[in-house]
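For reference, the structure discussed in these notes is given below.
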2 protein chains.
Amino acid sequence: MKFSAQEEYGLRCLIQIGLKGSATIPEISRDEGLSEHHTAKLLSILRKERFLNSTRGHIGGYRLARAPEKIVVGEVLAALGGRLYDEEFCERHSGLLSTCAHSGSCAVKSLWSEVQAAVDHVVSHITLADLIANAQKEAEQLYKPRNGALLSIPVASGT
Amino acid sequence: MKFSAQEEYGLRCLIQIGLKGSATIPEISRDEGLSEHHTAKLLSILRKERFLNSTRGHIGGYRLARAPEKIVVGEVLAALGGRLYDEEFCERHSGLLSTCAHSGSCAVKSLWSEVQAAVDHVVSHITLADLIANAQKEAEQLYKPRNGALLSIPVASGT
DNA sequence: AAGAATCATGACGATTATGTCATGAATGTC
DNA sequence: GACATTCATGACATAATCGTCATGATTCTT
């Protein structure tokens with residue numbers, strides 16, 4: 001059971017755009033350490049799935065398609081990486097047979113459903129707004145080291 | 001987020017062996033509709049992970065390494081398909097950078113941990129014995145249609 | 001209208017997961 | 001000890017995922 005790379009990177013990009021209000025591919029690319037092409041592909045998926053709107057041309061870029069409170073993380077993950085257990089799951093895992101050896105319900109199927117339900121319970125109650133809020137807190141942390149002193153910005157001399 | 005094929009098939013094989021007490025590769029292969037080679041590979045993984053013991057030669061085969069009550073489904077899944085979120089996760093997803101753009105804690109990381117915890121809560125409380133019990137019930141169901149009547153074999157009438 | 005900035009798209013190559021195959025080794029029976 | 005039965009292992013082929021790349025389209029500024 002794994003998260004896909006697309007889920008990880010796609011969600012990060014979405015958070016980043018939420019944080020900044022709007023952003024271009026080169027910006028997100030820099031922020032997240034991805035190639036521009038890769039970023040473009042991810043954002044394009046998120047756009048097709050209607051989490052982002054895009055505008056081309058000068059002063060273009062991406063912004064969220066709705067308020068972050070209305071973007072449920074579970075839906076984003078499903079769009080980026082599919083669901084853990086869906087209707088076609090059994091068909092895909094019938095081995096050499098045309099239909100799964102365990103007709104109707106099977107012991108494993110009900111386990112998968114339980115796991116899926118547990119995951120859903122978490123991700124359907126978290127919105128992008130929550131993740132953005134977390135990310136903001138963390139950004140603040142960077143400027144507040146444990147000892148509480150303010151970070152002094154190093155001054156480049158002689159340039 | 002997906003279950004891997006190995007998790008699905010491996011777990012099924014384990015249940016099947018639990019049901020039968022002991023079984024050979026050709027048997028499991030038939031029961032689950034997998035090729036013998038494929039079955040051999042799966043069982044061999046389960047053996048290396050110490051969920052199964054094997055004996056070679058005539059009257060050999062596989063059996064559970066411990067009582068099914070002692071085999072936690074979460075551990076089986078981790079062995080077959082890894083964990084959703086582990087220590088190396090961030091290293092694997094640092095994009096072009098040598099280390100993840102989000103040093104220390106990040107918004108996504110804490111989400112993954114929550115999801116992982118929810119999954120763990122389910123799978124760490126289910127043992128192979130539970131799945132075997134379910135599988136047994138289902139096998140019985142096949143012989144008990146909903147109306148409770150005994151199955152009468154339909155007789156082709158002269159129409 | 002020219003040019004710069006920006007997104008759009010589909011094809012391609014690389015990497016990883018999946019499943020197959022050939023060969024070998026152990027065990028029990030006769 | 002020859003043989004049938006069974007597991008063991010590593011190399012290989014195939015398929016899915018992941019990420020790159022080339023090219024094109026749209027929009028704004030001047």
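Every chain is numbered from 1 and lettered A, B, ... according to where its sequence line falls, protein lines coming before strand lines. A quick note: this is a predicted structure, and the numbers were derived from the prediction, not measured. Computed over heavy atoms, backbone and side chain alike; hydrogens, waters and symmetry mates excluded.
Applying the side-chain contact (heavy atoms from CB on, under 4.5 Å) rule to B:Asp31 yields the partners B:Gln16, B:Lys20; only residues at least two apart in sequence or on another chain are considered. Remark: B:Ser4 pairs with B:Gln6, B:Glu7 by the side-chain contact (heavy atoms from CB on, under 4.5 Å) rule, at least two apart or across chains. With sequence neighbours left out, the side-chain contact (heavy atoms from CB on, under 4.5 Å) criterion links A:Asp86 to A:Glu88, A:Phe89, A:Arg92, B:Lys2.
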Listed pairs, N/O of protein and of nucleotides 13-18 of chain D, under 3.5 Å:
from   : atom 1 : to     : atom 2 : distance (Å)
D:dC18 : OP1    : A:Ala5 : N      : 3.2

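Applying a 4.0 Å cut-off to non-hydrogen atoms, none of the residues of residues 73-84 of chain A approaches DNA chain D. For residues 48-66 of chain A, proximity to DNA chain D is found at A:Arg56, A:Gly57, A:His58, defined as any non-hydrogen atom under 4.0 angstrom from a strand atom.
With a 4.5 Å cut-off between side-chain heavy atoms of Ile, Leu, Val, Met, Phe, Trp and Tyr, the cluster of A:Ile59 takes in none. A:Val72 belongs to no hydrophobic cluster, as no Ile, Leu, Val, Met, Phe, Trp or Tyr side chain comes under 4.5 Å of its own. A:Leu96 forms part of a hydrophobic cluster together with A:Leu97, judged by ILVMFWY side-chain heavy-atom separations under 4.5 Å.
The salt bridge (charged side-chain N to carboxylate O under 4.0 Å, His left out) analysis of residues 8-17 of chain B, with sequence neighbours excluded, yields the pairs B:Glu8-B:Arg12, B:Arg12-B:Glu32. Note on residues 44-72 of chain A: no pairs pass salt bridge (charged side-chain N to carboxylate O under 4.0 Å, His left out), not counting sequence neighbours.
Rounded to a whole Å, the CG atom of A:Leu42 is 15 Å from the P atom of D:dC21.
Protein chain A contacts DNA chain C from C:dA5 to C:dT20, reading 5' to 3' and using non-hydrogen atoms of the protein with a distance under 4.0 Å.
Between the A:Tyr85 side chain and the A:Ala117 main chain, no donor and acceptor come within less than 3.5 Å of each other.
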